[in-house]
Amino acid sequence: MKSINPATNQLLKEYPEHTAREVESIIEKVSEARKIWSETSFRYRGDLFRNMAACMRADKEGLATLVTNEMGKIIRESQAEIEKCALTCDYYAEHAESMLTDQVIASDAGRSFVAFQPLGVILAVMPWNFPFWQVFRFAAPSIMAGNAAVMKHASNVPGCALAIEELFLKAGFPENIFRTLMIPSSMVEAAIKHPAVKAVTLTGSGPAGSSVASAAAKEIKKAVLELGGSDPLIVLEDADLEKAVQTSLASRMFNQGQTCISSKRFIVVETVLEKFTSGLIAAVSALKVGDPMDPATQIGPMARPDLVDDLEKQLKESVKAGASLLYGGTRPGRPGCYYLPAILGNVQKGMPAYHEETFGPVFSIISVKSEEEAIAVANDTEFGLAATLFTEDLERGEKIARKIEAGAVFVNGMVKSDPRLPFGGIKKSGYGRELAEYGIREFVNIKTIWIR
Ligand code: NAP
């Protein structure tokens, strides 16, 4: 596996892959280790996750630099990612026990209750875009619940994958509670088939989700899927336009546009279209391109050359079909996977920018006549991850939020994940939830105990 710096296209390091036999042996060791782990107290596990949070904070600079070097995220976003992982470890250390405490339910029994018990070894298949956060938002709740984990990370972040495994040991966890499998995607199905693996979670694209969920279904094992999105951001005529522009900018440019929940389709009521568009062009054109390690940089590289090629193709096809390129959409003359943010106007049904997930810095603006049309366009997608809307009438905002087909709707604010709130999608954005108590209950046996 190769670690390549997308800011320079230079090879950083090569890592050996595990063989099929090594994978089997790792899964067996993890399965053995989890037998003792699942009997430990929440207090003990919580102390270890607090240590984990402290280890991450102590090495924030080193870990953030690793993230930036491997996938190009600008350094202050990498630092924030590590901090968020630490916060989530602390959060589950504090709350896991109360989330999984027995629930007494009155019935015809003398005493009946629900117990939440760990399933065993969980396999996680993870993406590169938040190489620490995606892993910890699964691992902290699942391991606090008494499970153990094996993780296959994206092939372009092998350094992060190994650093996470190392962090578990540094924090004092027993060996083999969390292990990294250094394998290509072609070896995932065999790992799912291993009898000790009880469930799988995948964060990634639709095709990967479909393949992993099919393999899990064949084995009758549970799967949670966190997939892509083409999130709408609606701007109504009574919106605070400055706030709408700034939020659009922050959401679409975060992580160089490579975020599942970044707003991708900007659905704007025609009476405010011109003002919104000119505000957005002014805001985007003020951003500074540069080295992602430079704290002043606002536009860094995308993560891989093929991602730039795919995005450029979607943009060109949309323009060919009648979209207007209002700003950017070019490659600056520097090495690395750089792509200048593009603003597309007149985006319509039938264009890739309308229907597909654009996983990079492209703003697709769609003009609508009314609130009803805005809702219809927002829902006119195979995805259903999240949505944003701007209106100064909060009652109106709440009514519209209920009509939007998505796992989350944020009114007058940027969509973000938060350990206190459930996270996940509907439609082709996947199923199951992460975070909050909904997330920690995905990988437990919700067991009824009836006693008379
Ligand atoms: P990806 O290509 O689907 O890869 C995700 C992970 O799945 C990687 O570890 C990849 O391994 C593995 N994989 C790919 N094909 C597979 C297969 N057929 N069988 C088993 N494993 C397979 O996605 P990505 O490019 O890394 O990430 C971007 C996508 O993830 C976007 O669509 C984005 O919206 C989505 N995403 C969703 C969420 C969410 O919470 N809903 C969060 C972040 C990202 P290799 O790297 O070895 O191919």
Side-chain angles (χ1 to χ4, degrees), residues 1-4 6 15 17-18 70-71 73 81 123-138 150-158 160-161 164 180-193 197 200-216 218 223-231 254-264 302-311 314 337 356-360 381-386 406-408 415-418 421-435 439 442:
M1 277 179 192
K2 286 182 179 160
S3 180
I4 295 169
Y15 298 82
E17 288 180 5
H18 285 132
E70 279 202 318
M71 54 70 65
K73 195 187 299 265
E81 180 171 340
L123 168 66
V125 182
M126 291 288 131
W128 48 266
N129 63 340
F130 291 87
F132 275 71
W133 169 239
Q134 302 291 0
V135 177
F136 277 93
R137 81 178 186 189
F138 146 75
V150 287
M151 188 253 312
K152 178 258 180 290
H153 217 322
S155 298
N156 56 326
V157 288
C160 292
I164 293 169
T180 289
L181 304 176
M182 299 290 276
I183 54 172
S185 58
S186 55
M187 286 171 72
V188 168
E189 188 166 352
I192 292 172
K193 278 191 181 146
V197 169
V200 55
T201 180
L202 174 134
T203 301
S205 61
S210 172
S211 159
V212 161
S214 308
K218 267 190 228 151
V224 166
L225 300 180
E226 295 285 355
L227 309 177
S230 183
D231 289 2
F254 185 49
N255 207 23
Q256 229 4 62
Q258 305 162 122
T259 306
C260 54
I261 47 168
S262 97
S263 303
K264 292 168 184 129
M302 290 176 64
R304 290 190 319 243
D306 59 298
L307 296 163
V308 182
D309 295 344
D310 290 349
L311 189 69
Q314 288 173 310
C337 307
E356 297 173 8
E357 176 179 46
T358 48
F359 213 56
T381 167
E382 62 180 6
F383 299 109
L385 195 52
V415 176
K416 55 186 191 290
S417 55
D418 177 325
L421 297 169
F423 183 95
I426 58 167
K427 296 158 86 175
K428 289 206 171 158
S429 292
Y431 47 75
R433 289 292 177 267
E434 291 192 302
L435 301 176
E442 287 287 1

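Computed from a predicted structure; not experimentally measured. Order of listing sets the numbers, starting from 1, for every ligand and every atom in it.
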Work out which heavy atom in I426 is nearest to a heavy atom in A406; give both atom names and the distance.
CD1-N, 3.7 Å

Please check this pair: side chain of K427 against backbone of G384, looking for a donor-acceptor N/O pair closer than 3.5 Å.
no

Under 3.5 Å: donor-acceptor pair, side chain of K73, backbone of F254:
no

Need the ligand 1 atom indices (1-based, order shown) with element for anything under 4.0 Å from a heavy-atom of L385.
41 (N)

Identity and separation of the nearest protein heavy atom to atom 10 (C) of ligand 1
K152 CE, 4.1 Å

Using distance alone, determine whether F359 and ligand 1 share an N or O pair under 3.5 Å.
no

Judged by heavy atoms only, the candidate from E434, M126, R304 nearest atom 9 (O) of ligand 1 is M126

Those atoms of ligand 1 less than 4.0 Å from some heavy atom in S211
17 (C), 18 (N), 19 (N)

Is there a side-chain contact between F423 and C260 (heavy atoms, below 4.5 Å)?
yes

What protein heavy atom is closest to atom 20 (C) of ligand 1, reported as residue, atom name and distance in Å?
V212 CG2, 3.5 Å

Students should be able to answer this: which protein heavy-atom is nearest to atom 31 (C) of ligand 1, and at what distance?
E357 OE1, 3.5 Å

Apply the side-chain contact (heavy atoms from CB on, under 4.5 Å) test between E226 and each candidate in R137, Q134, R433; give the one that qualifies.
R137

In the structure I gave you, are the side-chain heavy atoms of I261 and D231 within less than 4.5 Å of one another anywhere?
yes

Between E357 (side chain only) and G229 (backbone N and O only), is there a donor and an acceptor less than 3.5 Å apart?
yes

At less than 4.0 angstrom from any non-hydrogen atom of V125, what atoms of ligand 1 do you find?
6 (C), 7 (O), 9 (O), 12 (C), 21 (N)

Examine ligand 1 and decide if any of its atoms is less than 4.0 Å from a heavy atom belonging to F130.
no

Please state which protein non-hydrogen atom is closest to atom 38 (C) of ligand 1 and give its distance, to 0.1 Å?
C260 SG, 3.0 Å

Determine if the distance from atom 4 (O) of ligand 1 to the closest protein heavy atom is below 4.0 Å.
no

Which atoms of ligand 1 have any heavy atom of P127 under 4.0 Å away?
26 (O), 27 (O)

Nearest protein heavy-atom contact for atom 23 (O) of ligand 1: which residue, which atom, what distance?
S205 N, 3.5 Å

Within the side chain of H153, is there an N or O that forms a donor-acceptor pair under 3.5 Å with the backbone of T180?
no

Using modelled atom types and a 3.5 Å cut-off, is there a donor and acceptor pairing between side-chain atoms of S429 and backbone atoms of G228?
yes

With F138, which residues qualify under ring pair (Phe, Tyr, Trp, His ring centres under 6.0 Å), at least two apart?
none

For the side chain of Q314 and the backbone of E356, is there at least one donor-acceptor N/O pair under 3.5 Å apart?
no

Pull out every atom of ligand 1 sitting under 4.0 Å from any heavy atom of F423, numbered as shown with elements.
40 (O)

For atom 15 (N) of ligand 1, what's the nearest protein heavy-atom neighbour? Residue, atom name and distance, please.
A208 CB, 3.4 Å

Heavy-atom contacts with V188 under 4.0 Å: which atoms of ligand 1 show up? List them by number with element.
20 (C), 21 (N)

The answer for which part of Q258 has a heavy atom under 4.0 Å from ligand 1 is neither

Would M187 count as a contact residue for ligand 1, given that I'm defining contact as a non-hydrogen atom of the residue lying under 4.0 Å from a ligand atom?
no

Do me a favour and list the nearest non-hydrogen protein atom to atom 46 (O) of ligand 1 with residue, atom name and distance?
S155 N, 2.9 Å

I'd like to check T201 versus E434 (side-chain heavy atoms, cut-off strictly below 4.5 Å). Are they in contact?
yes

R137 to ligand 1: N or O pair under 3.5 Å?
yes

Those atoms of ligand 1 less than 4.0 Å from some heavy atom in Q134:
42 (C), 43 (C)

Does NZ or CZ of K264 come closer than 6.0 Å to the centre of the six-membered ring of F359, within 45° of the ring's axis?
no

Check for a donor-acceptor pair, side chain of S214 on one end and backbone N or O of S210 on the other, with a separation under 3.5 Å.
yes

Can you tell me which residue and heavy atom of the protein come closest to atom 13 (N) of ligand 1, and the distance to 0.1 Å?
S185 CB, 3.6 Å

Using a 4.5 Å cut-off on heavy atoms from C-beta on, say whether the side chain of E382 contacts that of S230.
no

Distance filter under 4.0 Å to H153 heavy atoms, resulting ligand 1 atoms
9 (O)

Would one find an N or O of W128, backbone or side chain, under 3.5 Å from an N or O of ligand 1?
yes

Tell me the nearest of T203, V157, L227, N129 to atom 41 (N) of ligand 1, using heavy-atom distances.
L227

